[in-house]
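In this text the structure is predicted, and so the values were computed from the model without any measurement. All residue numbers refer to positions in the sequence shown, counting from 1. Just so you know, ligand 1 is whichever comes first in the structure, and atom 1 is the first atom listed for that ligand.
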Amino acid sequence: MKLSKVEGTKTPANLHRSLTLELVRVTERAAIAAAEWRGKGDEKAADDAAVQAMKAELDTVAISGRIVIGEGEQHECDDLYIGQAVGLGSGPEVDIAVDPLEGVTLCAKNQPDSIVVLAMAERGGLLNVARNVYMHKIAIGAEYPRGTVNIDWTATENVNALAKAKGVPLSEITAIVLDRPRHAALIEELRGTGVAVKLISDGDIAGVIHAVSTEDTGIDIYLGSGGAPEGVLAAAALRCIGGQMQGKLILDTPEKRARAVEMGIIDANRIYDVTELAAGDVLVAATGVTDGTLLDGIRLRRRSVETSTVVMRSWSQTVRWIKARHAR
Ligand code: VTB
């Protein structure tokens, strides 16, 4: 992962630095809970375990937290719903986006890259989106000039522009795409240009992070659509590690459009960049549930449990990897 300079002006460090470690405890606890369900084929049980553990630990933190990206609407889920108050209620007012178990299917099948993710920002810092909304996304590393790619261009135009900026033939470009029927035409178009396509079954937060960490991963660009909540969480991470991304919401039903308006989205066709998806001072923590390319999974030992977490902060651009051993 690179520590390249993040675009945009440096905002004041409004989130207290001690919150960084508090967030680690939250994602650790959720990941340990979800890990009990690795490979058990029960997605709901795994997700519920992560949600309950995350909520319980969040409520020990001295914040006046508000869930802005959560498990769903209040009537759809018991905890971590949009608008729910979390934390002790005594500290700073913060907004929180969660994906208590990103890649539930990966966890249920015990496949790589199932993670717990949480982002915290100053009030109003995170784009508010409903759980069922999708987003077109494009992401590349921080090392390219701004405007090298554009979400409104065709995939062919984008990979051509990227190869030119990188100074390599198209055959040396690798794109990462979620393996979905809706991406069949995109995948065919990309392959037609000569680029390599790495298909992932789930987990596009990790996918976007991989695309901006080209030196470590060999992946040059993320293309396609995935969950809008995952898009905001990925953008929050890019605020800390660098990287360029654009997102465009897919508001394809009257209900989704109406809910988006309620949540403050006026222009349905707006193109958001990283700092518009996640603004101000942002903290992001992620703990591995299954072993993956970003993080190790939970290790159960006879007397202890080991966790592997990355926690980062936009203000200082600090990225910490925290291996922890917890007594059983
Ligand atoms: C992505 C990915 C998730 O859903 O957002 C994807 O990050 C969205 O596409 O891990 P589908 O609804 O077609 O799956 C997941 O794969 C699962 O939530």
Check step by step if side chain to side chain donor-acceptor pair (under 3.5 Å) holds for R320 and T20.
-> CA-CA 10 Å; R320 293 182 169 88; T20 318; 5.1 Å; no
Atoms of ligand 1 less than 4.0 Å from [X] heavy atoms?
X: R182; answer: 8 (C), 9 (O), 11 (P), 13 (O)
X: G227; answer: 1 (C), 5 (O), 8 (C)
X: L178; answer: 1 (C), 6 (C)
X: Y134; answer: 8 (C), 9 (O), 11 (P), 12 (O), 13 (O)
X: G226; answer: 5 (O), 8 (C)
X: G203; answer: 2 (C), 3 (C), 7 (O), 10 (O), 16 (O)

Shortest non-hydrogen contact from V310 toward L295 =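 For V310 versus L295, the nearest heavy atoms are N-CD2, 3.6 Å.
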Taking all heavy atoms of L178 and all of G226, pick out the closest pair and write down the distance.
->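 The pair with the smallest heavy-atom distance is CD1-CA, 4.0 Å.
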Provide, to 0.1 Å, the distance between [atom] and the closest protein heavy atom, together with that atom's residue and name.
atom: atom 18 (O) of ligand 1; answer: E230 OE2, 3.9 Å
atom: atom 1 (C) of ligand 1; answer: D204 OD1, 3.4 Å
atom: atom 15 (C) of ligand 1; answer: D202 OD1, 3.4 Å
atom: atom 3 (C) of ligand 1; answer: E102 OE1, 3.5 Å

Lys/Arg-Asp/Glu bridge criterion (N-O < 4.0 Å) met for R259, E73 =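 Salt bridge present between R259 and E73.
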Is a salt bridge present between E230 and R131, judged by a nitrogen-to-oxygen distance below 4.0 Å?
->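 Here E230 pairs with R131 in a salt bridge, since their nearest N and O are under 4.0 Å apart.
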Check: Q84/D79 side-chain N/O donor and acceptor closer than 3.5 Å |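 Distance-only check passes for Q84 and D79.
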T290 vs Q111, side chain to side chain donor-acceptor pair (under 3.5 Å): CA-CA, chis, key distance, verdict | CA-CA 7 Å; T290 56; Q111 288 176 338; over 6 Å; no
Shortest reach to atom 11 (P) of ligand 1 by a heavy atom, considering only R131, R180, K137 =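 Considering heavy atoms of R131, R180, K137, the nearest to atom 11 (P) of ligand 1 sits in R180.
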Are more than 12 heavy atoms from other residues, nucleotides or ligands located less than 6.0 Å from atom CD of E188?
->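 At most 12 heavy atoms, drawn from other residues, nucleotides or ligands, come within 6.0 Å of this atom.
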